[in-house]
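Remarks on the structure that follows.
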Amino acid sequence: MPDQHWSKLRKRLENLICESLRDRVKFTVTNYRKAHDQLGRAFISVDKNEVFNMCTLTSNNALFEKEEELLNGLQLKYDVFNEEQNCSIQDKAHEIIMTEGVFAQYDFFEAVEQYLNSSIEVSLQSNHIIIKILSLIDRRVGKRTLIRIKESIQQEHKIVQFFYTLRCEAERIG
């Protein structure tokens with residue numbers, strides 16, 4: 001993604017952060033020019049500490065390992081000519097690693113686009129970790145909503161729980 005596009009996208013994201021976290025939460029994207037695909041990572045920092053990293057290299061490694069695990073579990077061998085099987089295994093592996101909280105930079109961009117093009121009500125109901133995080137720090141989510149979803153947050157990934165707690169503490173919700 002060219003820098004000017006990211007700048008506009010980051011500005012849109014930052015404008016949606018609630019007032020109590022506006023100066024504390026930052027979104028950063030780093031591209032590695034010498035990498036073969038020139039992708040890098042995206043990360044979210046709180047109080048200048050990186051708390052959520054979405055690195056393409058880490059994600060690709062996890063994806064490869066998960067694909068191998070799925071193939072072995074199904075007692076299959078990788079078949080370069082079986083495109084349908086390969087896509088199916090890759091899609092399942094990608095779905096699994098995302099539920100585990102492993103994301104690539106491109107996953108971040110896809111989630112941001114989906115989040116920006118959805119209502120806040122839809123985003124809050126999302127099962128996507130990144131979209132859920134973005135919605136929890138969104139200024140359109142009020143204290144009553146935060147209190148109402150408290151129980152359901154206990155079922156979420158630990159990074160979602162972290163951002164929920166961060167928001168509640170910032171809003172002084174007990």
Side-chain angles (χ1 to χ4, degrees), residues 6 9-10 12-14 16-30 39-70 73 89-174:
W6 167 236
L9 201 56
R10 182 177 59 218
R12 286 182 66 195
L13 274 177
E14 288 173 350
L16 288 171
I17 298 175
C18 64
E19 191 64 39
S20 60
L21 293 174
R22 185 150 298 146
D23 295 328
R24 298 180 61 197
V25 175
K26 298 291 177 213
F27 304 101
T28 306
V29 169
T30 303
L39 286 176
R41 67 190 189 109
F43 61 93
I44 303 173
S45 54
V46 176
D47 300 327
K48 298 183 181 174
N49 295 312
E50 187 178 312
V51 295
F52 189 47
N53 181 17
M54 295 151 281
C55 177
T56 303
L57 264 175
T58 303
S59 175
N60 287 347
N61 288 340
L63 185 62
F64 176 77
E65 289 174 11
K66 193 58 72 176
E67 287 174 13
E68 288 290 309
E69 187 181 303
L70 290 172
I89 294 289
Q90 186 175 34
D91 289 346
K92 183 67 177 164
H94 190 240
E95 184 181 311
I96 292 169
I97 68 168
M98 286 193 333
T99 61
E100 294 172 349
V102 179
F103 296 93
Q105 183 189 60
Y106 57 83
D107 294 319
F108 173 71
F109 287 128
E110 288 174 9
V112 167
E113 284 297 326
Q114 190 176 340
Y115 164 73
L116 291 173
N117 292 312
S118 300
S119 70
I120 191 61
E121 295 79 17
V122 168
S123 294
L124 270 174
Q125 297 298 317
S126 176
N127 291 325
H128 196 292
I129 291 172
I130 298 171
I131 294 171
K132 186 74 96 176
I133 289 169
L134 296 173
S135 62
L136 287 171
I137 62 173
D138 192 302
R139 62 182 162 80
R140 298 170 292 176
V141 174
K143 291 179 182 181
R144 284 186 298 222
T145 301
L146 290 168
I147 292 166
R148 189 181 79 237
I149 64 173
K150 182 178 183 175
E151 293 300 316
S152 66
I153 293 296
Q154 303 310 314
Q155 310 307 313
E156 298 285 347
H157 188 276
K158 65 183 178 185
I159 193 67
V160 173
Q161 292 177 21
F162 170 83
F163 277 96
Y164 176 80
T165 302
L166 178 74
R167 174 70 188 274
C168 287
E169 288 172 356
E171 299 289 348
R172 293 179 168 80
I173 298 172

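Sequence positions, counted from 1, serve as the residue numbers for this chain. Computed from a predicted model, the values in this text were never measured in an experiment.
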Mind checking salt bridge (Lys or Arg N to Asp or Glu O under 4.0 Å) for [X] and listing every partner two or more places apart, or none if nothing turns up?
X	result
Glu68	none
Glu67	none
Glu100	Lys66

For a quick test of reading the model, state the closest non-hydrogen atom pair linking [X] to [Y] and the distance between them.
X	Y	answer
Ala111	Ile131	O-CG1, 3.7 Å
Thr56	Tyr106	CG2-CE2, 4.1 Å
Val29	Ala42	CG2-CB, 4.1 Å
Ser135	Val141	O-CG2, 3.2 Å

Checklist entry - Are side-chain heavy atoms of Leu21 and Arg24 found at a separation under 4.5 Å? => result yes
Item to check | Non-hydrogen side-chain atoms of Ile44 and Met54 separated by less than 4.5 Å | outcome: yes
About how many Å separate [atom2] of [Y] and [atom1] of [X], when rounded to the nearest 0.5 Å?
X	Y	atom1	atom2	answer
Lys132	Tyr164	NZ	OH	11.5 Å
Asp138	Leu134	CG	CG	8.5 Å
Leu13	Leu116	CG	CG	5.5 Å
Cys168	Leu136	SG	CG	8.5 Å
Trp6	Phe109	CH2	CZ	6.0 Å
Leu57	Arg41	CG	CZ	11.0 Å

Checklist entry - For Asp107, what residues pass the side-chain hydrogen bond (donor to acceptor under 3.5 Å, both in side chains) criterion, not counting sequence neighbours? => result His94
Checklist outcome for this item: Residues at least two apart in sequence or cross-chain that pass side chain to side chain contact (heavy atoms under 4.5 Å, CB included) with Ser118, listed by chain then number, are Gln114, Val122, Ser123
Next on the checklist: I'd like to know if the side chain of Gln161 reaches the main chain of Glu156, judged simply by a donor and an acceptor atom lying under 3.5 Å from each other, with no hydrogens or angles considered.
Outcome noted: yes
Next on the checklist: Tell me if a side-chain donor or acceptor on Glu14 pairs with a main-chain N or O of Lys26 at a distance below 3.5 Å.
Outcome noted: no
Checklist entry - Which of these passes side chain to side chain contact (heavy atoms under 4.5 Å, CB included) with Arg167: Leu146, Val25, Ile133? => result Leu146
Next on the checklist: I need the full list of ring pair (Phe, Tyr, Trp, His ring centres under 6.0 Å) pairs touching residues 115-163, with sequence neighbours left out, sorted by first then second residue.
Outcome noted: Phe103-His128
Checklist entry - For Asn127, does the CG atom have more than 12 heavy-atom neighbours from other residues, nucleotides or ligands under 6.0 Å away? => result no
